[in-house]
Visitor: 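Let me give you the structure first, and then I'll get to my questions.
Note that these values count all heavy atoms, side chains included, but never hydrogens, waters or copies made by symmetry. Naming convention: chains lettered A, B, ... in sequence-line order (proteins, then strands); numbering from 1 in each chain.
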Protein chains: 2
Amino acid sequence: MTARRSADQIHAALSAQIVSGQLRPGDPLGESALAGLFSLSRTPVREALQRLAAEGLVERGPRRAFVVRRMTPEALRDLFEALGEVEALCAGLAAQRMTAIARAELAQIIDSDSGDHAGYATLNARFHDALRLGAGNRVLAAMLEDLNRRSMPWRNAQFQASARRMQSSRQEHRAILQAIAAQDGDRAASLMRDHMATSLAVVLQMIRARG
Amino acid sequence: MTARRSADQIHAALSAQIVSGQLRPGDPLGESALAGLFSLSRTPVREALQRLAAEGLVERGPRRAFVVRRMTPEALRDLFEALGEVEALCAGLAAQRMTAIARAELAQIIDSDSGDHAGYATLNARFHDALRLGAGNRVLAAMLEDLNRRSMPWRNAQFQASARRMQSSRQEHRAILQAIAAQDGDRAASLMRDHMATSLAVVLQMIRARG
DNA sequence: TCGGCGCCATATGTATACATATCGCAAGCG
DNA sequence: CGCTTGCGATATGTATACATATGGCGCCGA
């Protein structure tokens, strides 16, 4: 079901490279250069870049050129806070709305945590999917997906810098899931806020260390 | 400060027409037709439509043609709920973060409510601005602005259908502002949820009446 | 030597021509 | 008579040429 439109392919490729850190903040994204790279014309490249800009992954630089988005500490604070609050919101809604079946699936996700590094990405994805679907609101789900995508580069970098953080993050996720399964929305929301605050602190410290 | 880029002008014009109801849900937005209307080529028209699609104001129809977005009752429910929750969130943050000066401005907004129909739009805008700025988070502010824009057509229609609703809506806003000024975040959030629930009910009833 | 001014290189913005996919309609077959 | 299938019109998707603005860089003058 991979889209066959060229613009979609470029968008997906650039998005993946930005989120994975292959393209770093500030890197230039010239239309002609990308067109040459993908062996396409500038038109679909423009569409892809405009979509990435709308999603907040790239921004306009000098000469209105596109560059991979740079984030100030203040912007990162706002982004992580927003992500935490919306996730807390969804966690609370999920706690009160999830069906018995959905809760069973949640428990299964918790149990499937084998503890190895390789499985963390998929486990993390299932964690967020459970939240989005559990809340039962497509608009909130879309917002959460968007915030997740925008914060992904920084959260990934967080784990690349220190493997120990991955362990603590996993434990925090586990506690949140258990609170949701126990239908304790307030506790889930509170844990989520703490989780995001901790993540932000790690990211900011990492940025300071790098300069 | 009107943008001189053609794509921006088209985007602004179409956005205004959609939000004001001049263009109704389902109306076709052919690229060539719009290009002729604005005496421009299809390229800037495409950019404008893509941005509108990213903002959720237009969607893809048959032949991948753009049409003004149609909303099912379920989608409207999700949209209004999301708007209510995010506004409640911002109201809560504003209640605990706003400075004394900002609270004074808030009180001034409440007092400036002369009660006439003409002033409602600007009063409403100041209400939402106070919320966005008071929360002190640019990401949440952008999300709120986006949700407001997307729901604007329906909220406007709500008032066109019954002038009485405008009075009650104004009173609800007033109560919310007072709760924020009193730094009672929980009460402000709760009132906001009720406010959006009432608005949604009015809109849904209106849609049913129209068919 | 330093600062300002102007040219030029190169990027994006726009226009237009061409390629291609899709939907509607109609005709033919079962 | 209804369903299927193929054709054709028309829309979007893509490529490319041209217009235009901007930032860098060098020259010239004080």
Visitor: Heavy-atom contacts under 4.0 Å between residues 39-52 of chain B and DNA chain C, which residues?
Guide: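 When residues 39-52 of chain B is checked for heavy atoms under 4.0 Å from DNA chain C, the hits, listed by number, are B/L40, B/S41, B/R42, B/T43, B/P44.
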Visitor: Apply salt bridge (Lys or Arg N to Asp or Glu O under 4.0 Å) to the pair B/R46 and A/E47, showing each step before the final yes or no.
Guide: CA-CA 9 Å; B/R46 282 174 68 83; A/E47 178 179 335; 3.6 Å; yes
Visitor: Do any N or O atoms from the side chain of A/S169 and from the backbone of A/R165 form a donor-acceptor pair under 3.5 angstrom?
Guide: no
Visitor: Starting from P on C/dA21, measure out to CZ on B/R60 and report it in whole angstrom.
Guide: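 Roughly 16 Å, once rounded to whole Å.
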Visitor: Specify the separation, in whole Å, of atom CG of A/L34 and atom P of C/dT10.
Guide: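 Nearest whole value for this atom pair: 18 Å.
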Visitor: Counting distance only, does the side-chain N/O of B/E172 pair as donor-acceptor with the main-chain N or O of B/L191 below 3.5 Å?
Guide: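 Answer holds: no.
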Visitor: Under a 3.5 Å distance rule, please check whether A/R42 uses its side chain to pair with a backbone N or O of A/S32 as donor and acceptor.
Guide: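 Side chain of A/R42 to backbone of A/S32, a donor-acceptor pair under 3.5 Å: no, none is there.
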Visitor: Salt bridge or not for B/R193 and B/E85, using N-O below 4.0 Å?
Guide: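 Looking at B/R193 and B/E85, the cut-off is met.
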Visitor: Run the side-chain contact (heavy atoms from CB on, under 4.5 Å) test against A/R103 and tell me which residues pass, sequence neighbours left out.
Guide: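 side-chain contact (heavy atoms from CB on, under 4.5 Å) check on A/R103 returns A/M98, A/Q183.
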Visitor: Kindly say if A/R64 contacts the phosphate of C/dT12, meaning a side-chain N or O under 4.0 Å from OP1 or OP2.
Guide: no
Visitor: Just how far, in rounded Å, is C1' of C/dT14 from CZ of B/F38?
Guide: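 Spelled out: CZ on B/F38 to C1' on C/dT14 is 16 Å.
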Visitor: Does B/R63 have a side-chain nitrogen or oxygen under 4.0 Å from the phosphate oxygens OP1 or OP2 of D/dT12?
Guide: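 So the side-chain polar atoms of B/R63 never come under 4.0 Å of the phosphate oxygens OP1 or OP2 of D/dT12.
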Visitor: Return the value, rounded to whole Å, for the distance between atom CG of A/D8 and atom P of D/dT12.
Guide: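 Nearest whole value for this atom pair: 16 Å.
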